[in-house]
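As structure tokens, the structure follows; a few thoughts come after it.
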Amino acid sequence: MALVNTKEMFQKAYAGGYAIGAFNVNNMEIVQGITEAAKEENAPIILQVSAGARKYAKHEYLVKLVEAAIVDTDLPIALHLDHGADFEICKACIDGGFTSVMIDGSHLSFEENIALTKKVVEYAHAHGVVVEGELGRLAGVEDDVNVSSEDASYTRPEEVEEFVDRTGVDSLAIAIGTSHGAFKFKPGQKPQLRFDILEEIGQRLPNFPIVLHGASSVSKEYVDIINKYGGKLDDAIGIPEDMLRKAAGMAVCKINIDSDLRLAFTAGVREHLMNNPGHFDPRQFLSPARDYVKALVKHKIVNVLGCSGKAN
Ligand code: G3H
Ligand code: 13P
Ligand code: ZN
């Protein structure tokens, strides 16, 4: 098996009423935890890399880790650039072996977003790489960009056909109330997603894969472990899993998860070190962190994404 792009994955997911998990990777243990879970569930998977991840771990290391995971699991795995900010980073990832890139022009005007996205699509398609665009603006923090909830805006369904037609994108990320990070709703606020917007977009773009960013559920299990062992994550609130499951049964084919991985990983490290204060071999605390990532991803595949058994 080689790296695949997401075209076939999304077609099957759309038809089958499930979604593919797009998990952010930053180091070997995270790659292993995710892909070992996918292997045991025979699930297709997208591993995605942010600009921050490329800065932290370096492009070449991440590509080699993902290639190693393919050898190890023999699964269809797509390697995706998450939140590409400009043409240059998309080009570097296309030239450097990625099979999918996101160009995030969501902060630009409609016309500027179209022009930038189209430029990336032309280059990507000439190299067999698929492109995710974005319309609408999520709240939250990604790399150095912090978008307040006042500056966030839902996707306008009346814009999606023109955007897809004029850019040629292969999938579209939309804003329906999800947000980045572990604090998605204010304390006491009832989590809500605009399924009416998703529904209308699905009708306007038949058979077209939609992407949900900011889709971590912020599982209480891991938050409680972190808090029990000296962390301070009060008021962390995510997207309820039943809502994500519902979205996966609609037009959503890709669900982005990073914060949940961070929480599971950190819970494993904290729990181990607090229970074993004499340990200082990184393998001792990275193993439970990897195990928690694996357990989390298995849970997502079975209970949220619905893609267990869909690898071939
Ligand atoms: O949406 C952003 C992802 O969680 C990546 O986060 O930019 O801190 O690597 P990062
Ligand atoms: P979370 O912060 O909800 O995990 O979102 C991740 C994401 O959208 C990556 O692009
Ligand atoms: Zn995102």
Side-chain angles (χ1 to χ4, degrees), residues 3-6 9-10 13 18-54 56-57 61-63 65-70 72-73 75-83 93 98-102 132 140 142-143 171 173 178 180-182 209 211-219 222 238-239 241 244-245 247-248 252-268 286 289-308 310-311:
L3 271 177
V4 296
N5 74 29
T6 53
M9 271 187 197
F10 286 166
Y18 61 89
I20 315 290
F23 296 95
N24 287 71
V25 295
N26 289 278
N27 66 17
M28 181 187 78
E29 286 77 11
I30 294 175
V31 171
Q32 290 177 335
I34 296 164
T35 55
E36 284 171 16
K39 173 77 186 165
E40 286 179 21
E41 290 301 329
N42 193 31
I45 206 101
I46 300 168
L47 298 179
Q48 57 186 14
V49 165
S50 67
R54 282 176 92 240
Y56 172 77
Y61 282 82
L62 291 167
V63 170
L65 284 173
V66 173
E67 285 172 357
I70 290 170
D72 188 40
T73 62
L75 282 177
I77 298 179
L79 176 55
H80 173 77
L81 168 66
D82 192 26
H83 292 286
C93 289
F98 282 39
T99 54
S100 172
V101 295
M102 174 190 192
E132 173 186 324
E142 15 164 303
D143 273 340
S171 62
T178 61
H180 291 108
V211 178
L212 269 196
H213 281 248
S216 279
S217 303
V218 185
S219 154
Y222 299 108
I239 310 295
E241 290 187 341
L244 296 168
R245 188 70 206 95
V252 170
C253 293
K254 173 174 180 272
I255 291 190
N256 283 14
I257 297 167
D258 188 3
S259 297
D260 279 336
L261 296 171
R262 296 175 177 190
L263 292 167
F265 196 96
T266 301
L286 291 175
R290 180 173 57 192
D291 290 346
Y292 275 180
V293 164
K294 181 173 172 180
L296 169 91
V297 173
K298 273 191 139 199
H299 172 81
K300 297 280 178 191
I301 288 171
V302 174
N303 299 295
V304 178
L305 302 160
C307 62
S308 183
K310 308 290 188 188

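Model, not experiment: these values are computed from the prediction.
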Please check if the side chain of Asn24 supplies one atom and the backbone of Val49 the other of a donor-acceptor pair under 3.5 Å. no

Considering all heavy atoms of both residues, which atom of Ala295 and which atom of Tyr222 are nearest to each other, and what is their separation? CB-OH, 4.1 Å

Tell me, do Ser217 and Lys300 make a side-chain contact under 4.5 Å, heavy atoms counted? yes

side-chain contact (heavy atoms from CB on, under 4.5 Å) for Ile34 and Val293? Distances and angles first, verdict last. CA-CA 6 Å; Ile34 296 164; Val293 164; 4.0 Å; yes

Drop me the distance from Ser50's OG to Asn256's CG, to the nearest 0.5 angstrom. 11.0 Å

If I take atom CD1 from residue Ile45 and atom CD1 from residue Ile20, how far apart are they, to the nearest 0.5 angstrom? 8.5 Å

Ser308 side chain to Val302 backbone, donor-acceptor under 3.5 Å: no

Asp72 (side chain) donor-acceptor with Ala68 (main chain) under 3.5 angstrom: no

Test applied, side chain to side chain donor-acceptor pair (under 3.5 Å); reference residue, Arg262; option that passes from Asp258, Asp260, Thr266: Asp258

Once rounded to the nearest 0.5 Å, what's the spacing between atom CE of Met9 and atom OG of Ser100? 9.5 Å

Note: Leu75 and Ala43 closest approach over all heavy atoms is CD1-O, 3.7 Å

Looking only at heavy atoms, the pair that brings Thr6 and Ala78 closest together is CG2-CB, 3.7 Å

Compare all side-chain heavy atoms of Leu261 with those of Leu296 and state whether any distance is below 4.5 angstrom. yes

The complete set of side chain to side chain donor-acceptor pair (under 3.5 Å) pairs with one or both residues in residues 25-35, sequence neighbours excluded, reads Gln32-Arg290

With a 4.5 Å cut-off on side-chain heavy atoms, are Phe98 and Leu79 touching? yes

Grab the two heavy atoms, one from Pro44 and one from Cys307, that are nearest each other, plus how far apart they are. CD-O, 3.7 Å

Kindly give the heavy-atom pair with the smallest separation between Cys93 and Arg54, and that separation in Å. SG-NE, 3.6 Å

Shortest non-hydrogen contact from Leu212 to Val252? CG-CG2, 3.9 Å

Measure the CG-CD1 distance between Leu244 and Ile239 for me, rounded to the nearest 0.5 Å. 6.5 Å

Would you give the length of the straight line joining atom CG of Leu65 to atom CD1 of Ile30, rounded to the nearest 0.5 angstrom? 10.5 Å

Kindly indicate whether the side chain of Met102, heavy atoms from C-beta on, has any atom under 4.5 Å from the side chain of His213. yes

Straight-line distance of Asn303 CG to Lys298 NZ, nearest 0.5 Å: 11.5 Å

Check ring pair (Phe, Tyr, Trp, His ring centres under 6.0 Å) between Phe23 and all other residues, then give those that pass, not counting sequence neighbours. none

